[in-house]
Student: 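Quick one: structure below, then a few questions.
To find a chain, count down the sequence lines: A is the first, B the second, and so on, and within it residues start at 1.
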There are 2 protein chains.
Amino acid sequence: MTDTDTNGLPERRRGSGVKMVYDLLRDEILDLVLPPGSPIDEAQLAERFKMSRTPIREALVRLAGEGLIDTLPNRSTMVSNIDFLNMHTYFDALVLMYRVTTRLAAEHHRAEDLQVIRAHQAAFAAAVEAQDALAMIATNAAFHSAIAEAGRNPYFTGLFKRLLDEGRRILRLYYQSYDDRLPRRFVDEHEAMIAVIAARDLGAADRLAKAHGEQIVDQIRKLFSRDRRLDIEL
Amino acid sequence: MTDTDTNGLPERRRGSGVKMVYDLLRDEILDLVLPPGSPIDEAQLAERFKMSRTPIREALVRLAGEGLIDTLPNRSTMVSNIDFLNMHTYFDALVLMYRVTTRLAAEHHRAEDLQVIRAHQAAFAAAVEAQDALAMIATNAAFHSAIAEAGRNPYFTGLFKRLLDEGRRILRLYYQSYDDRLPRRFVDEHEAMIAVIAARDLGAADRLAKAHGEQIVDQIRKLFSRDRRLDIEL
DNA sequence: TGTATTTTATTTGTCGACAAAAAATCGACG
DNA sequence: CGTCGATTTTTTGTCGACAAATAAAATACA
């Protein structure tokens, strides 16, 4: 037993509490452990983490800043809803960021970036092989996130990462369908993207990213119209 | 004397304090009243606004979430620096958002949107006529912000508004040069943009926005190399 | 005189408590 | 039996105080 006191609770260093609460709550929201609409009770969290409401509050303010929770003034705060009606705006933004970040990666990447990207791609391929849908979602996001980092534009990577996070919530609703033959196609497309990035072919990077993104959007649209009979306008 | 007590201090309603501090600090940062690097002292702010440190702290957390201030753990927090070395990433993002939002505005705008846009354009023209540089910056940002809103994609408008805010800090450093013949050209270009948006000509909207954005970037680059002998890579 | 070490001072992070605001409960009255 | 109003309960926003962490100052020592 390391780093724990007699109560079995980890000894927290001053200042680490907010980050812990923030990270955990964030994960629980994105993994739908806390589904949209779930009420968030400060006092309850304070008791759960054995700390005062002050650091809890700070974590909540940060989550609200990212739009992951909604706070009604003087009243309850809850996990923000996924806006299915305006989903097309999400897809538009996602595809554009796929394109821009991949193109910039082809332009600005360094040798060490490719190693990181290839490592994430290997992890994604392993998740596909293992048919682990949750791992697919996570490693796929990490793969594209690494590409964005190689593009070296913090404004784009910032927006893109937020979109990928939001995507975690959407995909997790439908990850069941991931046990068909689509994931292997994604693996191949990822390989092709790595190749054009390495070759610094900006045009091809843009084209591949566009096709890749639109295919994912198409797949999600199909899921929606099949499972929910919702016609998402694109 | 309305809404004030005997001390001359406004009676604040519960919950309004944080927003007041946030808004004011934000403006002071963007207007360079608080230049980059300025130390932010919680206790000092608490005394200035006659409130406890708790709401001050919440405002600071939100500002930190937007990257307007940097907080060293357990130590001082200060106004974030403008990253001149990586300015090109800013320009890349700005021009792309100019294009995307203008194109989407041409696609999705409604009649009432055009009225708002034209009103902002009139205010911009008036600022140019009055040679009021600060008003030009503000009304120009409002004009493009209104176009973005008409595009109806919250992900793009969110990023774009943040970029325009950041631009306020950059432009305010150089607003002196605004007393040449460039602003009138901006007025004309704005008029052309409104026309193609109204005509729902997506391609022309994209082209005009690209030219408009790149011209602004070019202008700023010239200012930099002239005033600072700084060679900004683009 | 310069450097290492202790002491002091300043500032942040956290806490428990209180007051305001909204919701929930209860009770009066039709 | 239902509706409106008063009262209680719950939850949030704010406060003042304290403790940990760091910087600054003072002291000891070579």
Student: Which residues pass the side-chain contact (heavy atoms from CB on, under 4.5 Å) test with A:A148, not counting sequence neighbours?
Tutor: A:T101, A:T157, A:F160

Student: What is the distance from CE of B:M78 to P of C:dT12, rounded to the nearest Å?
Tutor: 14 Å

Student: Find the distance B:L45:CG to C:dT12:P and express it as a whole number of Å.
Tutor: 10 Å

Student: Using whole Å, report how far CD1 of A:I40 lies from P of D:dT12.
Tutor: 10 Å

Student: I need the CG-C1' distance between A:N74 and C:dA21, as an integer number of Å.
Tutor: 5 Å

Student: Hey, which sits more toward the 5' end of DNA chain D by its nearest nucleotide, A:E42 or B:P73?
Tutor: A:E42

Student: Restricting to nitrogen or oxygen on both sides, can you table the protein-nucleotides 14-16 of chain D pairs closer than 3.5 Å?
Tutor:
unit_1, atom_1, unit_2, atom_2, d
D:dT14, OP1, B:G15, N, 3.0
D:dC15, OP2, B:S52, N, 2.5

Student: Going by heavy atoms closer than 4.0 Å, what residues in residues 59-70 of chain B are next to DNA chain D?
Tutor: none

Student: Let me have the donor-acceptor pairs involving side chains of residues 72-80 of chain B, under 3.5 Å, with sequence neighbours excluded, atom names and distances please.
Tutor:
unit_1, atom_1, unit_2, atom_2, d
B:N74, OD1, A:R14, NE, 3.1
B:S80, OG, B:G67, O, 2.9
B:S80, OG, B:L68, O, 3.1
B:S80, OG, B:R169, NH2, 3.4

Student: Would you say B:Q44 has more than 12 foreign heavy atoms packed within less than 6.0 Å of its CD?
Tutor: no

Student: Tell me every residue that passes side-chain contact (heavy atoms from CB on, under 4.5 Å) with B:N86, counting only those two or more places apart in sequence or in another chain.
Tutor: B:D83, B:H88, B:T89

Student: Strictly distance-based, threshold 3.5 Å: is any side-chain N or O of B:D31 a donor or acceptor partner for the main-chain N or O of B:V33?
Tutor: no

Student: Any N or O donor-acceptor pair under 3.5 Å from the base of D:dT22 to the side chain of B:R75?
Tutor: yes

Student: Taking all non-hydrogen atoms of both residues, which atom of B:L96 and which atom of A:V100 are closest, and how far apart?
Tutor: CD2-CG2, 3.4 Å

Student: Around atom CD of B:E47, are there more than 12 heavy atoms of other residues, nucleotides or ligands at under 6.0 Å?
Tutor: no

Student: For a quick test of your reading: what N or O donor-acceptor pairs under 3.5 Å do the side chains of residues 118-126 of chain A make, sequence neighbours left out?
Tutor:
unit_1, atom_1, unit_2, atom_2, d
A:Q121, OE1, A:H190, ND1, 3.1
A:Q121, NE2, A:V187, O, 3.1
A:Q121, NE2, A:E191, OE2, 3.2

